[in-house]
Amino acid sequence: QVQLLESGGGLVQTGGSLRLSCAASGRTFSSASMGWFRQASGKEREFVATIRWSAGITDYADSVKGRFTISRDNAKNTMYLQMSGLKPEDTAVYFCAVRLYGTPWPLRAPDHYDYWGQGTQVTVSS
């Protein structure tokens, strides 16, 4: 099994930046995809970004494209989400997730992911 731990959330002003980290432990596979999702209060879980682990291919939701960057450090088994130009509508709990085996690309559907972290709160003030 895989354990995921998010960190890096916090409170920032509009226009600010944060970098989220997702550290993975346990077995992973070269065919894995990892993703970031978010869930705002009273809203459904929303796709943010995903990365194909071995190749580093990325995909983004339109709402964050150009502002957020997903990346990974293979040696550290850690995924990152660099967030810039933050807006109040970015306020949410951010979750990382992993799908271990080969899947269609891009993998945007949350129900296709196998493991989830507990989430980290990002709050953007006006």
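Start at 1 with the first residue, then count along the sequence.
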* To do: Take the angle between the ring planes of Tyr94 and Phe68 and call it parallel below 30°, perpendicular above 60°, tilted in between.
  => tilted
* Which of parallel (below 30°), tilted (30 to 60°) and perpendicular (above 60°) describes Tyr113 and Phe37? ->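 Plane angle over 60°, so perpendicular.
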When rounded to the nearest 0.5 angstrom, what distance separates [atom1] in [X] from [atom2] in [Y]?
X: Ser33; Y: Arg108; atom1: OG; atom2: CZ; value: 12.5 Å
X: Trp116; Y: Leu4; atom1: CH2; atom2: CG; value: 10.0 Å
X: Met34; Y: Ile51; atom1: CE; atom2: CD1; value: 9.0 Å
X: Ser7; Y: Leu20; atom1: OG; atom2: CG; value: 8.0 Å
X: Tyr115; Y: Cys96; atom1: OH; atom2: SG; value: 13.5 Å
X: Asp73; Y: Met79; atom1: CG; atom2: CE; value: 12.5 Å

* To do: Could you give me the CA-CA distance, side-chain angles and deciding distance for Thr50 and Trp105, then say whether side-chain contact (heavy atoms from CB on, under 4.5 Å) is met?
  => CA-CA 9 Å; Thr50 186; Trp105 179 261; 3.6 Å; yes
* Arg72: partners by salt bridge (Lys or Arg N to Asp or Glu O under 4.0 Å), with sequence neighbours left out -> none
Quick one, [X] and [Y] - any side-chain contact, counting heavy atoms below 4.5 Å?
X: Val48; Y: Tyr60; value: no
X: Cys22; Y: Phe95; value: no
X: Met83; Y: Val122; value: yes
X: Trp36; Y: Ile70; value: yes
X: Asp114; Y: Val2; value: no

How close do [X] and [Y] get, counting heavy atoms only, and between which atoms?
X: Gly85; Y: Arg67; result: O-NH1, 3.0 Å
X: Val12; Y: Ser17; result: CG1-O, 4.0 Å
X: Ala32; Y: Val98; result: CB-CG2, 4.3 Å
X: Ser126; Y: Thr14; result: CA-OG1, 3.6 Å

* If you draw a 6.0 Å radius around NZ in Lys43, do more than 12 non-hydrogen atoms from other residues or ligands fall strictly inside? ->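 Atom NZ in Lys43 is not packed in, count stays at 12 or less.
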* Using the ring of Trp53 (Phe, Tyr or Trp, six-membered ring only), decide whether Arg99 places NZ or CZ under 6.0 Å from its centre and within 45 degrees of its axis. => no
Can you tell me if [X] uses its side chain to pair, donor with acceptor, with the backbone of [Y] under 3.5 Å?
X: Asp59; Y: Pro106; value: no
X: Glu6; Y: Gln118; value: yes
X: Asp90; Y: Lys87; value: yes
X: Thr91; Y: Thr123; value: no

* Asked: Which of these passes salt bridge (charged side-chain N to carboxylate O under 4.0 Å, His left out) with Arg38: Glu46, Glu89, Glu44?
  -> Glu46
